[in-house]
Amino acid sequence: QLQASGGGLVQPGGSLRLSCAASSVRFFSILDMAWYRQAPEKQRDLVARITTGGYTTYADSVKGRFTISRDNAKNTVTLQMNSLKPEDTAVYYCDSFPTTGIWGQGTQVTVSS
């Protein structure tokens, strides 16, 4: 399981930085990693993905606002979220890509004035 942290309550237009510690994940450096999110009563969706080589892809809804990065030396994945919108409100999770389907504890992000 991977543990996400860094969520919170932020006003529209604000920023948050999410972190994911993957210290228990073997072979982290050879896994594509991703951030996912699940809003209330909605399915869990892919937000951003980063390959082992650092190539990144994003959901259309977050392009230009979110940035995913990884540190293979520290086994961490981060998601920098800027210009947050109320529709970004969700529980955010990190996992490999494709997902293992074994979800750790996510972190709640609430964007509200």
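Just so you know, residue 1 is the first one in the sequence shown, and it goes up from there. These numbers were taken from a predicted model, which means no experiment stands behind them.
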When every non-hydrogen atom of W35 is compared with those of C20, the smallest separation belongs to CZ2-CB, 3.7 Å
Start with the C-alpha gap between S61 and R37, add the side-chain angles, then the distance that decides, and say whether side chain to side chain contact (heavy atoms under 4.5 Å, CB included) holds.
CA-CA 12 Å; S61 59; R37 68 185 181 187; 3.4 Å; yes
Any chance the rings of Y36 and W103 have centres within less than 6.0 Å?
yes
Kindly indicate whether a cation-pi arrangement holds for R65 with Y58, taking the cut-offs as under 6.0 Å to the six-membered ring centre and within 45° of the axis.
no
Side chain to side chain contact (heavy atoms under 4.5 Å, CB included) between L2 and V77: does it pass, once the steps are laid out?
CA-CA 10 Å; L2 301 173; V77 184; over 6 Å; no
Please step through side chain to side chain contact (heavy atoms under 4.5 Å, CB included) for the pair L46 and F97, ending with a clear verdict.
CA-CA 9 Å; L46 176 67; F97 182 89; 3.8 Å; yes
Using side chain to side chain contact (heavy atoms under 4.5 Å, CB included), reason through M81 and D88 one step at a time and then give a plain yes or no.
CA-CA 9 Å; M81 306 187 296; D88 294 320; over 6 Å; no
Spacing of T52 atom OG1 and M33 atom CE [to the nearest 0.5 Å]:
12.0 Å
Distance-only donor-acceptor check, side chains T76 and D71, under 3.5 Å
no
To check you understand the geometry: which heavy-atom pair defines the closest contact between R70 and T51, and what is its length?
NH1-O, 3.1 Å
Can you list everything that forms a salt bridge (Lys or Arg N to Asp or Glu O under 4.0 Å) with K63? Sequence neighbours excluded, please.
D60
Kindly compute the distance separating CD1 (I50) from OG1 (T78), expressed to the nearest 0.5 Å.
8.0 Å
Would you list the atom pairs, donor with acceptor, under 3.5 Å between side chains in residues 5-17 and any protein atom, with sequence neighbours excluded?
{"unit_1": "S15", "atom_1": "OG", "unit_2": "N82", "atom_2": "OD1", "d": "2.9"}
{"unit_1": "R17", "atom_1": "NH1", "unit_2": "Q80", "atom_2": "OE1", "d": "3.1"}

